Trainee: 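Mind having a look at this structure? Questions to follow.
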Amino acid sequence: MPIRCLIKRLKRHATLVHVKDYRALASFVQENVLGKKPSKYQLCTALNCCAKTQNSSLGSQIHAKIVHIGFDQNLYINSSLINAHVKCGSMGDAMKVFRGIELHDEVSWTSMICGLSQNRQGGKALCLFKEMLATVVRPNCVTYVSVISACTEQESVYRCGELLHAHVIILGHESNNFVVSSLIDYYSKCGRMDKTVVLFGSCISDYVVLNTMISAYNHNQQGEEALKLFRKMLDENVNLSEHTLTSILDACGALTVLQQGKQVHALVTKLGSDYNTFVVGALMDMYSKCGNIDEACHVFDLASYKNNILWTSLITTYAQSGRGVDALKIFDHLLMEKRFYPDHVCFTIVLTACNHSGLIDKGISYFKKMITDYNLAPEIDQYACLIDLYARKGDLKSAKKLMEEMPFYANAVMWSSLLSSCKEYGNVELGTEAAYKLFELEPHSPAPYLVLADIYAAAGLWNRVQSIRKLMDENGIRKSLAGWSRVEVDRMR
DNA sequence: GTAGGGTTAG
């Protein structure tokens with residue numbers, strides 16, 4: 001089969017690459033591309049396939065061939081090579097190729113920026129973008145899509161999406177739906193639904209923009225709005241993708257609307273989307289949030305292909321049904337069998353399960369194992385879990401030390417953990433520091449004021465309680481529960 | 001004649 005036909009077939013199965021195609025591709029490339037001197041075009045096409053099928057060993061063989069033939073300054077080939085390495089997660093190799101390019105164009109820059117962004121290295125992506133701005137090569141809308149999505153990664157100084165939005169407006173990229181989707185996603189993850197709604201209202205939406213909007217509502221606890229939009233999509237016969245189904249199941253779970261969740265399940269079966277692990281994971285999540293753990297497990301059992309995502313979903317199912325100990329048993333069992341490679345998401349679930357089950361020391365040892373046994377650099381979410389573990393144990397010193405020494409800026413979740421534990425263990429000094437940090441980070445939230453007042457009251461510091469009340473009045477903070485978001489109430493525990 | 005980078009989901 002000619003290589004172009006193979007690509008067409010692979011594109012048709014964007015999510016699930018057929019094993020048959022994959023084997024055919026690998027042997028085709030080995031025989032016809034690596035055997036004799038391939039053309040530049042063939043090499044690009046072959047690398048494109050390596051990227052799509054995440055065939056890292058073939059990618060490396062082609063890389064060697066490129067160097068051997070001497071095509072290593074061709075920008076088309078280098079961009080494809082960067083992309084292939086990136087899609088296989090070989091960031092070091094991608095960066096070597098990138099740095100070896102003598103004269104860059106916007107595609108080679110964008111390939112690397114995008115690669116960093118897709119591999120959870122948003123900070124580095126932004127640095128590279130700044131480096132690009134200092135050259136004569138100008139970013140285009142594809143570059144902006146990559147760099148904006150890099151900003152959504154974590155709450156920190158990297159969050160300069162608004163500045164990038166301004167660039168986009170000036171350069172006239174605002175009508176590009178890829179750009180619009182990345183901006184909607186960015187603003188929704190910053191809690192800026194006002195901006196999100198304006199962007200959505202002023203674009204000619206396609207199915208990806210609609211999917212992004214549904215997940216924006218989900219991120220901001222507006223499941224009803226997500227369902228409304230989904231119904232509109234059904235009425236207007238908009239193409240439903242696996243992303244749509246995953247997000248809408250998420251909304252059903254958050255709202256615990258089992259009947260509607262079941263209807264979506266029927267739709268999943270009808271559309272034949274039950275091969276997709278994200279959809280299956282979302283179904284399990286929906287059932288377990290609706291309290292139907294048996295059905296969640298049943299969905300898992302029926303899944304023909306069980307990968308890391310689905311195993312993580314199973315652990316999540318038990319963890320969020322209050323069966324943290326069982327969740328950890330499954331996790332330990334999978335680790336022993338060595339057919340499971342836990343990732344960051346999985347460790348977050350496991351650490352949270354430890355926390356909720358009161359298994360503090362076990363959680364701390366998992367965190368260490370994550371680094372030593374699985375070679376994973378902890379991200380902000382796992383640090384937040386560890387800080388919470390120390391804080392709940394009453395080891396406030398270690399929690400604080402970690403917040404100072406970790407490679408991220410401490411966020412509101414961490415300061416809230418610390419503040420709650422200060423209340424629990426009666427630490428006035430640290431509690432004051434944590435609360436004042438939260439006043440800055442979340443200026444409209446009444447929670448830290450009230451917790452700090454509780455800490456002062458428990459310590460008999462009535463003057464200070466009075467001063468907090470005064471401060472609330474001065475800053476216009478309302479005390480009633482009605483105005484609080486669900487997140488704030490949850491954090492108060 | 002043929003070739004490169006992009007948004008949304010655990």
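First the proteins, then the strands, lettered A, B, ... as listed; each starts at 1. All values derive from a computational prediction rather than experimental measurement.
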Trainee: Could you check which of B/dG5, B/dG4, B/dG10 has an atom nearest any side-chain atom of A/Ser80?
Mentor: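 For A/Ser80, the side-chain atoms sit closest to B/dG4.
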Trainee: For A/Ser108, report the nucleic acid contact type (base, sugar-phosphate, nothing); a contact means any heavy atom under 4.0 Å.
Mentor: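 Touches a base.
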Trainee: Going by centres under 5.5 angstrom and planes under 30 degrees, do the aromatic ring of A/Tyr41 and the base ring of B/dA3 stack?
Mentor: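 Here the ring of A/Tyr41 and the base of B/dA3 are not stacked, as the 5.5 Å and 30° limits are not both satisfied.
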Trainee: Would you say A/Ser241 and A/Thr244 are linked by a side-chain donor-acceptor pair, where the criterion is simply a distance under 3.5 Å?
Mentor: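 Looking only at side-chain atoms, A/Ser241 and A/Thr244 do form a donor-acceptor pair, the distance falling under 3.5 Å.
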Trainee: Hey, does the side chain of A/Lys87 come within less than 4.0 Å of B/dG6's phosphate (OP1/OP2), counting only N and O?
Mentor: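 For B/dG6, OP1/OP2 do have a side-chain N/O of A/Lys87 under 4.0 Å.
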Trainee: With a 4.0 Å cutoff (strictly under), does any side-chain N or O of A/Ser215 reach OP1 or OP2 of B/dA9?
Mentor: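 True: A/Ser215 side-chain N/O within range (under 4.0 Å) of B/dA9 OP1/OP2.
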Trainee: Of the options B/dT8, B/dA3, B/dG5, whose atoms approach the side-chain atoms of A/Asn74 most closely?
Mentor: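 So the side chain of A/Asn74 is nearest to B/dA3.
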Trainee: Check every atom of B/dG4, B/dA9, B/dG10 against the side chain of A/Ile309 and return the nucleotide holding the closest atom.
Mentor: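 Output: B/dG10.
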Trainee: Calculate the interatomic distance between A/Ile184 atom CD1 and B/dA9 atom P; express it in whole Å.
Mentor: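 It is 12 Å, rounded to the nearest whole Å.
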Trainee: Using whole Å, report how far CD1 of A/Ile77 lies from P of B/dG5.
Mentor: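 Whole-Å distance recorded here is 13 Å.
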Trainee: Do A/Asp235 and A/Arg231 meet the salt-bridge criterion of a basic N to acidic O distance under 4.0 Å?
Mentor: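 Salt bridge flag = no for A/Asp235 with A/Arg231.
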Trainee: Can you check the A/Asn307 CG to B/dA9 C1' distance for me, whole Å?
Mentor: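 Whole-Å distance recorded here is 13 Å.
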Trainee: Using atom CG of A/Leu116 as one end and atom P of B/dG6 as the other, report the distance to the nearest whole Å.
Mentor: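 In whole Å, B/dG6 P and A/Leu116 CG are 13 Å from each other.
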Trainee: Can you check the A/Tyr207 OH to B/dT8 P distance for me, whole Å?
Mentor: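 After rounding, the gap between these two atoms is 13 Å.
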Trainee: In this structure, how many angstroms lie between the P atom of B/dG10 and the CD atom of A/Glu242, rounded?
Mentor: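 Whole-Å distance recorded here is 14 Å.
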Trainee: Does B/dG4 have OP1 or OP2 sitting under 4.0 Å from an N or O in the side chain of A/Asn48?
Mentor: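 So the side chain of A/Asn48 is within the cut-off, an N or O lying under 4.0 Å from OP1 or OP2 of B/dG4.
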Trainee: Can you tell me if A/Gln118 touches the phosphate of B/dG5, counting only side-chain N or O atoms and a distance under 4.0 Å to OP1 or OP2?
Mentor: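 No.
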Trainee: Across the strands shown, which category fits A/Ser79 at heavy-atom distances under 4.0 angstrom: base, sugar-phosphate, nothing?
Mentor: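 A/Ser79: base contact, heavy atoms under 4.0 Å.
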Trainee: Touch check for A/Cys346, heavy atoms < 4.0 angstrom, all strands: base, sugar-phosphate only, or nothing?
Mentor: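 Contact class for A/Cys346: none.
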Trainee: With a 6.0 Å cut-off on ring centres, are A/Tyr374 and A/Phe340 close enough?
Mentor: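 A/Tyr374 vs A/Phe340: aromatic centres not under 6.0 Å.
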Trainee: Can you give me the closest heavy-atom contact between A/Trp311 and A/Lys306, atom names plus distance?
Mentor: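 Closest heavy-atom pair between A/Trp311 and A/Lys306: NE1-O, 3.9 Å.
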Trainee: Looking at the side chain of A/Phe178, which of B/dT8, B/dG4, B/dT7 is the nearest nucleotide?
Mentor: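 So the side chain of A/Phe178 is nearest to B/dT7.
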Trainee: Below 3.5 Å, does any donor atom in the side chain of A/Thr316 face an acceptor in the base of B/dG10, or the other way round?
Mentor: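 Looking at the base of B/dG10, it does not pair with any donor or acceptor on the side chain of A/Thr316 (distance under 3.5 Å).
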Trainee: Side chains of A/Ser215 and A/Asn218 only: does a donor on one sit below 3.5 Å from an acceptor on the other?
Mentor: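 A/Asn218 and A/Ser215 do not have a side-chain donor-acceptor pair below 3.5 Å.
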Trainee: Picking from B/dG10, B/dA3, B/dG5, which would you name as closest to the side chain of A/Asp250?
Mentor: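 Of the options given, the side chain of A/Asp250 lies nearest B/dG10.
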Trainee: Should the pair A/Arg120-A/Asp343 be classified as a salt bridge under the 4.0 Å nitrogen-to-oxygen rule?
Mentor: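 Between A/Asp343 and A/Arg120 there is no salt bridge, as every charged N stays at least 4.0 Å from the carboxylate O atoms.
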Trainee: Any base atoms under 4.0 Å from A/Asp285, or only sugar-phosphate, or nothing? Heavy atoms, all strands.
Mentor: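 The residue A/Asp285 makes no contact with any strand.
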Trainee: What nucleotide, of B/dA3, B/dG5, B/dT8, holds the atom closest to the side chain of A/Glu106?
Mentor: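 For the A/Glu106 side chain, the nearest candidate turns out to be B/dG5.
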Trainee: Is it the case that B/dG5 (base atoms only) and A/Thr110 (side chain only) share a donor and an acceptor within less than 3.5 Å, ignoring hydrogens and angles?
Mentor: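 Counting by modelled atom types and ignoring angles, a donor-acceptor contact under 3.5 Å is found here.
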Trainee: For a quick check of understanding: with a heavy-atom distance under 4.0 Å over all strands, which category does A/Leu75 fall into, base, sugar-phosphate or nothing?
Mentor: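 Base: the residue A/Leu75, judged by heavy atoms under 4.0 Å, touches a nucleobase.
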Trainee: For the pair A/His104 and A/Trp109, name the ring-plane relationship: parallel under 30°, tilted 30 to 60°, perpendicular over 60°.
Mentor: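 Rings of A/His104 and A/Trp109: tilted, 30 to 60°.
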Trainee: Can you see if the side chain of A/Asn83 gets near the phosphate of B/dG4 - specifically, an N or O under 4.0 Å from OP1 or OP2?
Mentor: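 No, because none of the side-chain N or O atoms of A/Asn83 sits under 4.0 Å from OP1 or OP2 of B/dG4.
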Trainee: Rounded to the Å, how far apart are A/Met233 CE and B/dA9 P?
Mentor: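 That distance rounds to 14 Å.
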Trainee: Quick one: A/Leu47 CG to B/dG5 P, roughly how many Å, whole number?
Mentor: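 After rounding, the reported distance stands at 10 Å.
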Trainee: B/dG10 base to A/Asp343 side chain: any donor-acceptor pair below 3.5 Å?
Mentor: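 Answer is yes: a donor-acceptor pair is held.
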